[in-house]
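Report on one structure; see the data block that follows.
None of the values given here were measured: they were computed from a predicted structure.
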Amino acid sequence: MEAIVIKSVANETANVVQNDTRVAPSKTYSPIDTLSRLECSRKEWEEGAYRTSNQQLYAILAECYAFAGELGVTESKQRSAALEAFYKERGYRIKKDTPLMTRIVRAVFGDIDRRRLSTYSLVLRAAKAEQVLATNLADWIEQEGGVQEIRMSRSATFVSPKQKVEIAQQNFDSLPVLANVHSEALSGLSDSDFVGCDCVLLATQQADSTYAVRAVLRSNTAVNAAFVSLYGCEQEKHKAALKELTAANEADGAMKAAA
């Protein structure tokens, strides 16, 4: 009997021959099919192994957080002694002035990348500052966007997507009205429950410089994404204006120096 094995493009050079029969041709995919297949694999990974891995990490961090909880004097000394003995047994160096969270994270996660240790420690200290309960830590980390998002949010220059939306919304009313769009079709989509609410008009720019509005989006996701984009555009305008002003001042200073 002939055995025919169909392989993906990733293994197209591998063919199976049994009993001196003909070689089965490998299945090939078009570029668009390959991208679609990879997209499906990414979605499965995000909802499967990636999500499960993160949940397991958050559970370990929650136990570290609980281990660092408030204790009486005697229990606190016992914990410190246990950490010191654990470090000695593993051959880790320990500094007396190292924050408790960091010492616990180092004990649990070992000699991994220092940046990861710093990130995990910072996450736990941030949770403590916000008085998050150990039982709620995993949910809190996920709601905050993950450990990396929490680490970045503690940077002095970091602006979270939520903050960008709020800033853009505050400045939105001060922007000039570019046009008032009206049509019978748009009127049919109007809803009195949304009077005064922001929405996104999805349009296509035409060759005659007009815009063909094809959809009205009211979801928070679409509106917030638009505000985040608006924030970015306004920041770029601000940077460009500041750069132009700096260049003008430097040119003026050079002219005065030459005189």
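Leu175 is connected to Phe227 through a chain of hydrophobic side-chain contacts under 4.5 Å among Ile, Leu, Val, Met, Phe, Trp and Tyr, so both are in one cluster.
Residues Trp140 and Leu133 are not in side-chain contact: their nearest non-hydrogen atoms beyond the backbone lie 4.5 Å or more apart. Looking at heavy atoms from C-beta onward, Arg125 lies in side-chain contact with Met101 at the 4.5 angstrom threshold. Residues Ile104 and Phe86 have side chains not in contact (no heavy-atom distance under 4.5 Å, counting atoms from C-beta outward). Two residues are said to be in side-chain contact when any heavy atoms from C-beta on lie closer than 4.5 Å; Val165 and Tyr231 fail this criterion. A 4.5 Å side-chain heavy-atom check between Thr204 and Tyr211 finds every atom pair outside the cut-off. Looking only at side-chain heavy atoms (C-beta outward), Phe194 and Arg218 come within less than 4.5 Å of each other. Looking only at side-chain heavy atoms (C-beta outward), Tyr58 and Leu137 stay at 4.5 Å or farther from each other.
Here the CD atom belonging to Gln235 is positioned 11.0 Å from the CG atom belonging to Leu242, to the nearest 0.5 angstrom. To the nearest 0.5 Å, atoms CD (Glu149) and CD (Gln143) are separated by 13.5 Å. The line from OG of Ser41 to NZ of Lys43 is 11.0 Å long, rounded to the nearest 0.5 Å. Distance NZ/Lys164 to CG/Leu230: 12.0 Å, rounded to 0.5 Å. From His238, atom NE2 reaches atom CD of Glu236 across 11.0 Å, with rounding to the nearest 0.5 Å. Taking OG1 from Thr102 and CG from Leu122, the interatomic distance works out to 9.0 Å, rounded to the nearest 0.5 Å.
A cation-pi geometry, defined here as NZ or CZ lying under 6.0 Å from the six-membered ring centre and within 45° of its normal, does not hold between Arg93 and Tyr87.
Under the 3.5 Å distance criterion, the side-chain polar atoms of Arg79 are matched with a main-chain donor or acceptor of Phe67. Of the possible polar contacts, one joining the Asn224 side chain to the Asn220 backbone as a donor-acceptor pair under 3.5 Å is found. No side-chain donor-acceptor contact under 3.5 Å links Ser121 to the backbone of Ser118. Checking side-chain atoms of Arg103 against main-chain N and O of Thr98 turns up a donor-acceptor pair under 3.5 Å.
Within 6.0 Å of the CD atom in Glu63, the count of heavy atoms belonging to other residues, nucleotides or ligands does not exceed 12. In this structure, Glu244 places its CD atom where only 12 or fewer heavy-atom neighbours from other residues, nucleotides or ligands lie under 6.0 Å away. Within a 6.0 Å radius of OH in Tyr92, more than 12 heavy atoms belonging to other residues, nucleotides or ligands are found. Under a cut-off of 6.0 angstrom, the local environment of CG in Asp208 is crowded, with over 12 non-hydrogen atoms contributed by other residues, nucleotides or ligands.
Take Gln148 and apply the side-chain hydrogen bond (donor to acceptor under 3.5 Å, both in side chains) test, not counting sequence neighbours, and it matches Arg151.
Minimum heavy-atom separation, Ala134 to Ala62: O-CB, 3.8 Å. Here the shortest heavy-atom pairing between Val132 and Tyr65 reads O-OH, 2.6 Å.
A side chain to side chain contact (heavy atoms under 4.5 Å, CB included) with Val200 is found for one member of Thr221, Val216, Leu217 and no other, namely Leu217. Considering Leu124, Thr119, Val123 as possible partners of Ile150, the one that fulfils the side chain to side chain contact (heavy atoms under 4.5 Å, CB included) test is Val123.
Using a cut-off of 4.0 Å between Lys/Arg side-chain N and Asp/Glu carboxylate O, Lys128 and Glu70 are scored as salt-bridged.
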Audit row: Tyr120, Leu61, side chain to side chain contact (heavy atoms under 4.5 Å, CB included) steps and yes/no: CA-CA 8 Å; Tyr120 296 161; Leu61 289 175; 3.9 Å; yes
